[in-house]
Amino acid sequence: MVSPLKNRLDKFKKPIIGIALFVSCQLLAASGYAETPRYVRVAIVQDSVSIRLKIRGFYEVVDAYSRKAIFRGKNINTTVTADKEGILLGNLKARSNKVSLQADDPEAIIINGRRFRGNIRLIKKDNLRLLVINYLDLEDYIKGILYHEVSHYWPMEALKAQAIVSRTYAVYQTQENRAKDYDVTCDIYSQVYGGKTSERYRTNKAVAGTEGRVMVYKGKVFPAYFHATCAGHTEDASLLWNINLPPLKGVVCNFCQESPHFRWHQVLSLEELGEKLREAGKKIDRIKSIIILGRDNSGRITDLKIASDKNELEISAKDFRNVIGPNIIRSANFNISVVNSDAVFEGKGWGHGVGLCQWGAYFMAKAGRRYDEILKYYYPGAQVQ
């Protein structure tokens, strides 16, 4: 019979082995070998004064530098903060700037009310705020994404397509961010991730049905970008980022015309626009006019000229969206008019427009297309392997 303590310690060794596997797979990926890394590091909290931590069952607090256990216990429900000497878990002080939380039950850790699989790393930043990273299996990470990115009621082939796209994007980021503390964030700037709390039966089934499958171009994983609705034509990634690949050059899309996000309307005051631009460091006085300077082949705006009585500002549509808010200015495909003291936007689509059009995939799946057909359409020249 294995004693409870030995059983716990044996289980605590598994995450360390997992991290070693993660590093090994990262090195294989770096060498060009088409191997999917097993683990992903997700920043679930990036700059917080405190977090709420709850662990049910046995757990261990480990110094991330020495890999030695600082504390072992059972059941904790406390607030985590940082001070000059280290990280405080309630009354427990860990005199280290980086600690890992490893639980006996791989689904026992709850951060700010959300349950997460895998392990947690707490990092004290220079400003005494906390960076919280979830270390977990790649497939479990994808399970925590799908519910936020597409509806779990969507056709299974659309869910499978999204699972492969999300996995491909994650694998690419693990390769790109090896030197950083984390690979991806949990928000719209990476992929929206909600942990175990966000898992659903049908999305988990889609993940299981595509396990380990990613998209490659000429044998290499690439950033499989995606967005909600392209409104007629996906975007050329090279116009937005420093990446120029045939699968990301853009395609005509006639599938998303019935998307609820095909058209959008927004009215913002010129004063509000000016304030947001100035907060972002853009020099512009009281706005009088906004002029579209050009559009690309997909119909999206490339640049805008914003003028006041005293000065002018030229800004890319991409930067303009980021400054005003990507959920306010939903895409770069819009017309704009100044009416009295307001800017009136009439737009089409939602998102940057690169890669998979999610609502296009939905309607393709509804029409009987398989997930591999959907992916080959939106990423021409890419292969699933």
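Computed over heavy atoms, backbone and side chain alike; hydrogens, waters and symmetry mates excluded. For the single chain, residues carry numbers from 1 onward in sequence order. None of these values were measured; they are calculated from a predicted model.
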Show the numbers, then the answer: is there a side-chain contact (heavy atoms from CB on, under 4.5 Å) between D303 and I315? CA-CA 6 Å; D303 299 281; I315 184 171; over 6 Å; no
Is it true that [X] and [Y] have a side-chain N and a carboxylate O under 4.0 angstrom from each other?
X: R41; Y: D183; result: yes
X: E199; Y: R117; result: yes
X: R286; Y: D309; result: no
X: E85; Y: K93; result: yes
X: K98; Y: D181; result: yes
X: D105; Y: R56; result: no

Please walk me through it: do H261 and R330 pass side-chain contact (heavy atoms from CB on, under 4.5 Å)? CA-CA 9 Å; H261 310 301; R330 294 186 173 188; 3.7 Å; yes
Is there side-chain contact between [X] and [Y], with heavy atoms separated by less than 4.5 Å?
X: V338; Y: I287; result: no
X: P246; Y: P380; result: no
X: L138; Y: Y39; result: no
X: I120; Y: V132; result: yes
X: S100; Y: N119; result: no
X: T302; Y: L239; result: no
X: D296; Y: R300; result: yes
X: I243; Y: L248; result: yes

Report the C-alpha distance between T197 and R114 in whole Å, list the side-chain angles of each, state the deciding distance to 0.1 Å, and finish with yes or no for side chain to side chain donor-acceptor pair (under 3.5 Å). CA-CA 6 Å; T197 302; R114 301 195 71 87; 4.7 Å; no
Would you say [Y] and [X] are linked by a side-chain donor-acceptor pair, where the criterion is simply a distance under 3.5 Å?
X: T79; Y: R52; answer: yes
X: N134; Y: R121; answer: no
X: N333; Y: S331; answer: no

Please answer whether the main-chain N or O of [Y] pairs with a side-chain N or O of [X] as donor and acceptor at a distance below 3.5 Å.
X: R178; Y: Q173; answer: no
X: K124; Y: D83; answer: yes
X: T234; Y: V251; answer: yes
X: Q358; Y: E149; answer: yes
X: R95; Y: G86; answer: no
X: Q191; Y: S166; answer: yes
X: S96; Y: V99; answer: no
X: D140; Y: K143; answer: no
X: S190; Y: T185; answer: yes
X: R278; Y: K282; answer: no

Do H227 and W359 have their ring centres less than 6.0 Å from each other? no
Centroid-centroid distance, Y172 to F222, less than 6.0 Å: no
Please lay out, stage by stage, how D236 and N297 fare under the test side-chain contact (heavy atoms from CB on, under 4.5 Å). CA-CA 9 Å; D236 182 346; N297 291 334; over 6 Å; no
According to the interplanar angle, ranging from 0 to 90°, do the rings of [X] and [Y] count as parallel (below 30°), tilted (30 to 60°) or perpendicular (above 60°)?
X: F345; Y: F334; answer: perpendicular
X: F255; Y: Y378; answer: perpendicular
X: H352; Y: Y225; answer: perpendicular

Between Y193 and Y141, is a ring-ring contact (aromatic ring centres under 6.0 Å, His included) present by the stated rule, with each step listed? CA-CA 8 Å; Y193 167 72; Y141 167 64; 5.3 Å; yes
Which residue, E139, Q162, R167, K160, forms the side-chain hydrogen bond (donor to acceptor under 3.5 Å, both in side chains) with T210? R167
Residue pair [X] / [Y]: nearest heavy atoms and the distance that separates them:
X: V214; Y: T168; answer: CA-OG1, 3.4 Å
X: V165; Y: F226; answer: CG1-CD2, 3.4 Å
X: S151; Y: L159; answer: O-CD2, 3.3 Å
X: P326; Y: I188; answer: CG-CD1, 3.9 Å
X: L128; Y: A82; answer: O-CB, 3.6 Å
X: S50; Y: L130; answer: CA-CD1, 4.2 Å

Apply side-chain contact (heavy atoms from CB on, under 4.5 Å) to the pair N75 and I55, showing each step before the final yes or no. CA-CA 5 Å; N75 298 333; I55 303 177; over 6 Å; no
For [X], look at atom [atom1] and say whether over 12 heavy atoms of other residues, nucleotides or ligands are found less than 6.0 Å away.
X: N340; atom1: CG; result: no
X: K125; atom1: NZ; result: yes
X: Q383; atom1: CD; result: no
X: E271; atom1: CD; result: no
X: K249; atom1: NZ; result: yes

Within this structure, what is the [atom1]-[atom2] distance for the pair [X] and [Y], rounded to the nearest 0.5 Å?
X: I123; Y: N97; atom1: CD1; atom2: CG; result: 9.5 Å
X: L131; Y: I51; atom1: CG; atom2: CD1; result: 10.5 Å
X: L89; Y: T81; atom1: CG; atom2: OG1; result: 8.5 Å
X: R200; Y: H152; atom1: CZ; atom2: NE2; result: 6.0 Å
X: C357; Y: F363; atom1: SG; atom2: CZ; result: 9.5 Å
X: K54; Y: Y59; atom1: NZ; atom2: OH; result: 13.5 Å

Going by the salt bridge (Lys or Arg N to Asp or Glu O under 4.0 Å) test, name the single residue among K68, R67, R72 that passes it with E60. R72
In this structure, would V80 and V49 fall into the same cluster of hydrophobic residues linked by side-chain contacts under 4.5 Å? no
